[in-house]
Undergrad: 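There's a structure below that I have some questions on.
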Amino acid sequence: MKRSLLAISIIAWAAVIGCGLFWLTDYASRPGPQGSVPRTWPSDSTVSRSDSSLTLVIALHPRCACSQASVSELARLQARTGGKLAIRALLVKPSNARGGEWERSSLWERVMEIPGVSASLDPGGAEARRFGIGTSGHVVVYDLRGRLAFSGGVTASRGHEGDNMGSEAIAEIAHQRRPATESTRVFGCSLSSGPDRGENP
Amino acid sequence: MTDLPASSQRADQIFDGVMDRIYRRTDRIFAGLLICEWFFAIGCALVVSPRTWEGAIGKTHVHLYAALLLGGAIISLPIALVLLRPGAVVTRHVIAVAQMLMSALLIHLAGGRIETHFHVFGSLAFIAFYRDWRVLVSATIIVAADHMIRGLFWPQSVYGVTTASEWRWIEHAAWVLFEDAFLAHSCLRGLAETRDLSVRQADLERFNEQIEQTVRRRTAELRQAQEQLLQSQKLEAVGKLASGIAHDFNNMLGGILAYSSMLREDYAKDEHLAEHLRLIEVSAERGADMTGKLLAFARKGNYEHRQIDLAVSFQEAVGLIKPTLDKKISVVTGVDEDVWPVNGDSTQILQTVMNLCMNARDAMPGGGELRLEVRNVTADAELSRAEKLPGPGRYVRLSVTDTGCGIPPELHEKVFEPFFTTKGVGKGTGLGLSMVYGIMQSHGGQVFLSSAPGEGTAIQLYFPASAEPRSVQPAPAEPMQARPTGGARLSGLRILVADDEEIMRTAAKAILERQGATVTTAIDGEKAVRIFEADPSRFDAVVLDVIMPGMDGIEAFTRMHALRPKLRFVLISGYAESARISELRRRHGAGFIRKPFRSEILIRELDQQEAA
């Protein structure tokens with residue numbers, strides 16, 4: 001292999017890989033749509049709000065691989081706050097989803113393993129829409145008086161575990177400290193394919 | 001260990017060879033590892049994140065494309081380089097970079113799990129297999145650059161916050177550097193050990209080579225010694241045969257010469273008959289000369305052990321040979337100023353030089369140059385081996401070099417064999433060089449022949465220099481004038497003659513009785529002693545053959561001399577005068593004559609004894 005050809009090959013190789021990594025990182029850092037989250041607990045919600053602790057509602061697409069990271073972070077958050085969070089997980093089954101056991105996935109099982117979690121199926125994503133959630137992994141936290149304390153994701157990027165601002169903010173709120181931020185970007189699959197994604201009903 | 005630069009060079013070669021094997025082997029390991037990691041990445045994407053969703057609509061996840069395409073791209077160049085440029089510097093650097101990029105991809109595909117970050121540290125350890133700390137630098141630069149770029153453009157993806165310091169990547173890189181420090185140290189230690197082993201191996205190889213060289217040299221020396229031994233044994237066997245024949249032949253010639261000389265005296269007045277008898281004598285003497293040469297070759301000749309100056313013998317020989325040479329032959333001589341003395345027989349040396357010069361003359365019928373030199377030579381082990389000398393030491397080299405027709409290599413060994421000659425029929429006896437060989441052997445020296453057809457011949461005679469200090473050369477004794485023959489010169493003398501050869505015994509008796517002596521004969525030494533001891537005063541002179549079966553002439557002489565120290569003794573022998581005989585002559589005044597002899601020689605010797 002001649003030196004010039006070798007140099008060209010190395011440059012081309014580096015360029016291709018650089019572009020590939022950029023594309024991958026950019027994709028991972030691209031947030032999903034964030035709907036309009038109600039400032040107070042939606043009165044028409046069937047989800048029960050806790051009277052004794054913060055209530056955290058998370059909507060999950062049962063088959064979203066990226067949300068595995070959100071569930072992992074949720075588990076860490078619960079451990080970190082000492083179970084001070086009343087977690088309500090909504091496993092959204094899209095309205096046009098086919099199959100009786102569509103929503104039964106590893107994600108459902110992992111959610112159920114987190115202490116203090118109350119998981120329920122949300123057929124068609126009606127309940128998620130009441131909270132203005134359109135992206136899997138979106139977390140909303142309401143205080144004892146039903147006021148919105150936090151809205152956003154608990155991962156730093158798409159499907160990426162590790163330190164993130166969302167978990168940090170929720171932990172601060174749980175410890176009755178002022179969070180650095182009250183909202184973060186959400187990374188995950190879209191809960192619906194229709195035009196009403198993330199919109200409050 | 002004299003050849004240090006060569007050893008260092010060899011150590012470098014071994015070191016480079018070992019390192020090249022390490023580089024190539026590690027390249028192959030990484031080629032396999034990268035392929036495995038690629039498959040693992042694809043498998044990981046297929047299992048963990050095969051699809052992404054929008055409601056109920058699923059599509060292939062970007063991770064799968066990334067694993068397949070980006071992973072494939074990452075391993076493509078290193079694999080190509082492993083195939084095309086294994087062991088090259090660029091190959092291992094590209095492999096190191098690819099391995100780190102593969103770490104980044106796997107971490108990404110694994111969702112940034114902290115456990116997957118160990119891939120980075122494990123990869124660095126693998127990269128250290130190269131024992132090249134520079135490769136660790138390339139890998140570390142990729143890790144640091146990855147964190148720096150992500151920290152600048154996507155801080156949340158790597159630090160979890162958007163407000164991280166732009167220098168935080170240094171903290172991450174520092175942990176990598178922490179590991180690098182140990183790995184680099186390990187690489188340098190590994191290199192030092194490899195270098196040390198290379199030097200040891202080079203030393204070992206050189207030692208082995210020296211041993212092999214020694215074995216080869218010793219084997220060659222042994223082979224040469226065996227060849228020399230075979231040649232010596234061959235010449236020894238030929239010499240024994242020749243000397244046996246020469247001895248018997250000598251006795252026969254003795255009879256012919258003695259009786260013909262007596263007859264010549266008897267028929268001195270008949271000129272015709274006297275001339276015929278003279279020719280018989282001359283022929284017998286020529287035969288005797290030939291047998292003398294054969295005996296000289298067989299080393300049965302004299303070795304006086306007298307210190308002589310080779311330069312003097314040499315000049316004497318040159319003086320004799322020069323007038324006999326054709327004018328077309330130019331003679332060049334060279335003699336060292338202070339030639340070391342040697343022990344030997346100047347007559348034999350003179351004979352040797354004369355022989356060689358005659359050969360040189362015959363080799364240059366059209367003229368040429370005859371170079372004659374006498375040089376002092378200090379032979380080291382190498383020269384000693386090359387010229388087959390008895391050993392290192394001081395020698396006087398007498399060289400006779402001609403520009404004649406030369407001798408083919410295949411004849412070099414044969415020319416010293418008796419009766420071998422390249423000269424035409426009737427031009428040479430083939431005894432000249434064999435005599436030279438015999439004389440040199442008896443002098444403890446060596447003959448070295450160097451010749452090629454058309455390039456002339458050089459014969460070098462190496463005489464061991466005398467270990468004793470130089471002594472004054474005695475002036476040559478004035479030849480004694482023989483008394484005129486005829487008449488009863490030994491009248492009244494009672495002589496005991498002992499010779500095992502009947503012809504010689506009878507001839508001696510006849511010669512002496514013709515001169516008026518009363519002769520008693522004995523067939524060997526024992527009988528002679530017995531006769532003598534019976535009445536020691538009975539004899540006025542004793543003639544003893546030196547070589548006799550049982551008691552030889554020397555012992556018989558000793559026994560008789562003890563009884564009659566002042567008695568006249570004459571020793572006779574077919575061989576030349578030996579050191580023992582010389583001693584007897586010197587100490588006790590014994591006479592010596594060489595067989596065959598004319599009648600007047602024996603008479604003269606007894607006559608001289610009487611006069612003394």
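Keep in mind the model is a prediction, meaning the values are calculated, not measured. Quick note on labels: first sequence line is chain A, next is B, and so on, each numbered from 1.
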Undergrad: At a heavy-atom separation under 4.5 Å, does T184(A) approach chain B through its side chain, its backbone, both, or neither?
TA: neither
Undergrad: Do T52(B) and R63(A) have a side chain donor and acceptor closer than 3.5 Å?
TA: no
Undergrad: Which one, A65(A), G32(A), A180(A), leads in non-hydrogen pairs under 4.5 Å with chain B?
TA: A65(A)
Undergrad: Could you tell me whether a side-chain N or O of H108(B) sits under 3.5 Å from a main-chain N or O of T25(A), the two making a donor and an acceptor?
TA: no
Undergrad: Measure the spacing between CH2 of W13(A) and CG of L81(B) and express it to the nearest 0.5 Å.
TA: 8.5 Å
Undergrad: Hey, does L21(A) have a side-chain heavy atom less than 4.5 Å from the side chain of L101(B)?
TA: yes
Undergrad: Given heavy-atom pairs under 4.5 angstrom as the criterion, report whether the side chain, backbone, both or neither of A98(B) touches chain A.
TA: both
Undergrad: For chain A, which of I57(B), I107(B), I114(B), I74(B) has the most heavy-atom pairs under 4.5 Å?
TA: I74(B)
Undergrad: Please determine whether the number of non-hydrogen atoms from other residues, nucleotides or ligands lying under 6.0 Å from atom NE2 of H175(A) exceeds 12.
TA: yes
Undergrad: How many angstroms lie between NE2 in H61(B) and SG in C66(A), if you round to the nearest 0.5 Å?
TA: 3.5 Å
Undergrad: Could you tell me which portion of H160(A) (side chain, backbone, both or neither) has an atom closer than 4.5 angstrom to a non-hydrogen atom of chain B?
TA: both
Undergrad: Under a 4.5 Å cutoff for heavy-atom pairs, which residue among V94(B), V62(B), V48(B), L69(B) has the most contacts with chain A?
TA: V62(B)
Undergrad: Is there side-chain contact between W154(B) and S157(A), with heavy atoms separated by less than 4.5 Å?
TA: no
Undergrad: Would you say that more than 12 heavy atoms from the other residues, nucleotides or ligands in this model lie under 6.0 Å from the CZ of F40(B), or not?
TA: no
Undergrad: Evaluate whether atom CZ of R177(A) has more than 12 neighbouring non-hydrogen atoms of other residues, nucleotides or ligands under 6.0 angstrom away.
TA: yes
Undergrad: Are I10(A) and V90(B) close enough that some pair of their side-chain heavy atoms sits under 4.5 Å apart?
TA: yes
Undergrad: Begin with the C-alpha distance, continue with both residues' side-chain angles, and end with the deciding distance and a verdict on side chain to side chain contact (heavy atoms under 4.5 Å, CB included) for L6(A) and R85(B).
TA: CA-CA 10 Å; L6(A) 179 65; R85(B) 298 187 66 161; 3.2 Å; yes
Undergrad: Evaluate the criterion side chain to side chain contact (heavy atoms under 4.5 Å, CB included) for residue pair I17(A) and L77(B); output intermediate values, then yes/no.
TA: CA-CA 11 Å; I17(A) 291 167; L77(B) 185 62; over 6 Å; no
Undergrad: Should we say atom CD of Q176(A) is surrounded by more than 12 heavy atoms from elsewhere, each under 6.0 Å from it?
TA: no
Undergrad: Hey, what do you get for CG (L5(A)) to CG (L84(B)), rounding to the nearest 0.5 Å?
TA: 9.5 Å
Undergrad: Nearest 0.5 Å please: distance from the CD atom of E54(B) over to the OG atom of S136(A).
TA: 12.5 Å
